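Start at 1 and go down the list; that is how both ligands and their atoms are numbered. Keep in mind the model is a prediction, meaning the values are calculated, not measured.
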Amino acid sequence: MEPVLEVRNLVTHYHTPRGPVKAVEEVSFQLLPGQRYGLIGESGSGKSTIAYSLLRLIRPPGKVEAGEVLLDGVDLLTLSDEEMRQVRLAEMSLISQGAMNSLNPVIRIRRQMQDGFDSHGVDLSDEERDRRIEQLLTWVGLPAGVADMYPHQLSGGMKQRVCIAIAVSLRPKVIIADEPTSALDVVVQRRVMQTLRHVQEEIGAAVILIGHDMGLMAQFADAIGVMYAGKLVEESPVAELFTRPQHPYTQLLMESLPSLDQKESFQGVTGAPPSLLNPPSGCVFHPRCPYVMERCRVEVPLLQVTGDNHRAACHLLDEAPVPSAAAQEATR
Ligand code: SF4
């Protein structure tokens with residue numbers, strides 16, 4: 001199957017008086033039609049910058065420096081501004097972190113949903129347009145009457161569903177969901193994610209889900225890419241990543257997940273993420289890595305295939321199989 005989206009060697013920097021902040025460095029991945037791809041990593045690892053780079057929404061001092069973003073074979077980075085405006089929403093849409101706050105509180109939902117059709121020149125009669133809006137609201141589990149309400153009359157979860165309805169209104173091929181439930185409580189989060197999954201399957205769109213909630217990722221994604229300091233350090237089908245993580249950072253993330261029977265204190269990944277103004281030499285994870293070797297401080301590890309659709313960037317892969325921290329503990 002041909003990928004619907006192919007990102008090749010994407011580089012995005014933010015230019016500051018102190019030098020470029022290397023937010024995304026040589027990131028490559030692809031999405032198959034209908035696939036759900038999770039991008040995880042700590043805050044500042046470059047996940048949202050990737051989302052905004054794909055949609056060409058990076059504003060100065062940020063700049064996409066290099067790479068290709070191929071949507072059905074067309075490089076979005078080469079399109080004119082007007083061509084790109086047409087791509088947004090119709091071909092690739094965004095549900096951002098605070099999407100629900102983007103709704104105008106004093107304009108009825110119907111009018112706000114209609115804007116997407118109007119701005120993309122979708123020619124519909126008033127009856128057809130109203131039917132489409134009501135169908136979209138039903139898809140996301142809202143009563144059709146919501147169309148005549150104002151955003152301030154809706155709960156946070158309902159507003160986020162309206163944003164999902166807008167995001168799928170022109171049946172895009174790719175939906176980018178950037179922490180779409182971060183402002184919601186856990187019960188509402190679950191319902192909103194179920195809604196996103198339902199509409200994504202309904203229209204056959206691929207989804208990039210950005211976040212740092214591993215539980216949410218495990219339930220939603222087919223495959224996961226792990227970002228660290230602007231780089232993709234591991235990528236794998238979801239079940240494989242949870243059972244056989246290859247990169248030490250991914251292993252530490254997995255081992256830091258709390259379990260129901262855990263009695264000890266919570267263990268996070270020790271140390272702090274590096275400055276992207278002046279990232280560490282060699283492997284960017286080396287200052288925090290429990291397995292650091294001399295070559296890690298000078299040589300950049302390349303992503304290499306470690307299994308079916310599984311890639312990781314670590315020098316240990318050239319040596320023995322990467323031990324997990326838990327396995328190391330057991331042998332002590
Ligand atoms: Fe750790 Fe070296 Fe692998 Fe980087 S390359 S993750 S420092 S072992």
Just heavy atoms, cut-off under 4.0 Å: does P248 contact ligand 1 by side chain, backbone, both, or neither? side chain
Please determine whether salt bridge (Lys or Arg N to Asp or Glu O under 4.0 Å) holds for the pair E201 and R197, giving the CA-CA distance in whole Å, both sets of side-chain angles, and the decisive distance to 0.1 Å. CA-CA 6 Å; E201 285 174 346; R197 187 176 184 132; 3.5 Å; yes
Tell me, which protein residue and heavy-atom name are nearest atom 4 (Fe) of ligand 1, and how many Å apart are they? C283 SG, 2.3 Å
Taking R131 first and then E134, would you say they form a salt bridge - that is, a charged N and a carboxylate O separated by under 4.0 Å? no
Is the ring pair H247/F285 parallel, tilted or perpendicular, if the boundaries are 30 and 60 degrees? tilted
Look at atom 3 (Fe) of ligand 1 and say which protein heavy atom is nearest, naming residue and atom and giving the distance to 0.1 Å. C314 SG, 2.3 Å
Atom 1 (Fe) of ligand 1: the protein heavy-atom neighbour that sits closest, reported with distance to 0.1 Å: C289 SG, 2.3 Å
Answer yes or no: is there a side-chain heavy-atom contact under 4.5 Å between L316 and M293? yes
Check ion pair R111-D115 (N to O, under 4.0 angstrom): yes
Side chains of Q200 and R36, heavy atoms from C-beta outward: is any pair under 4.5 Å? yes
Within a strict 4.5 Å, meaning less than it, do heavy atoms of the Y52 and D178 side chains meet? yes
At less than 4.0 angstrom from any non-hydrogen atom of H286, what atoms of ligand 1 do you find? 7 (S)
re atom 5 (S) of ligand 1, the protein heavy-atom contact at minimum distance is H315 N, 3.3 Å
With a cut-off of 2.8 Å, does any N, O or S atom of H247 fall short of it relative to atom 1 (Fe) of ligand 1? no
Closest protein heavy atom to atom 2 (Fe) of ligand 1, given as residue, atom name and distance to 0.1 Å: C296 SG, 2.3 Å
Which atoms from ligand 1 have a heavy atom of L316 less than 4.0 Å away? 8 (S)
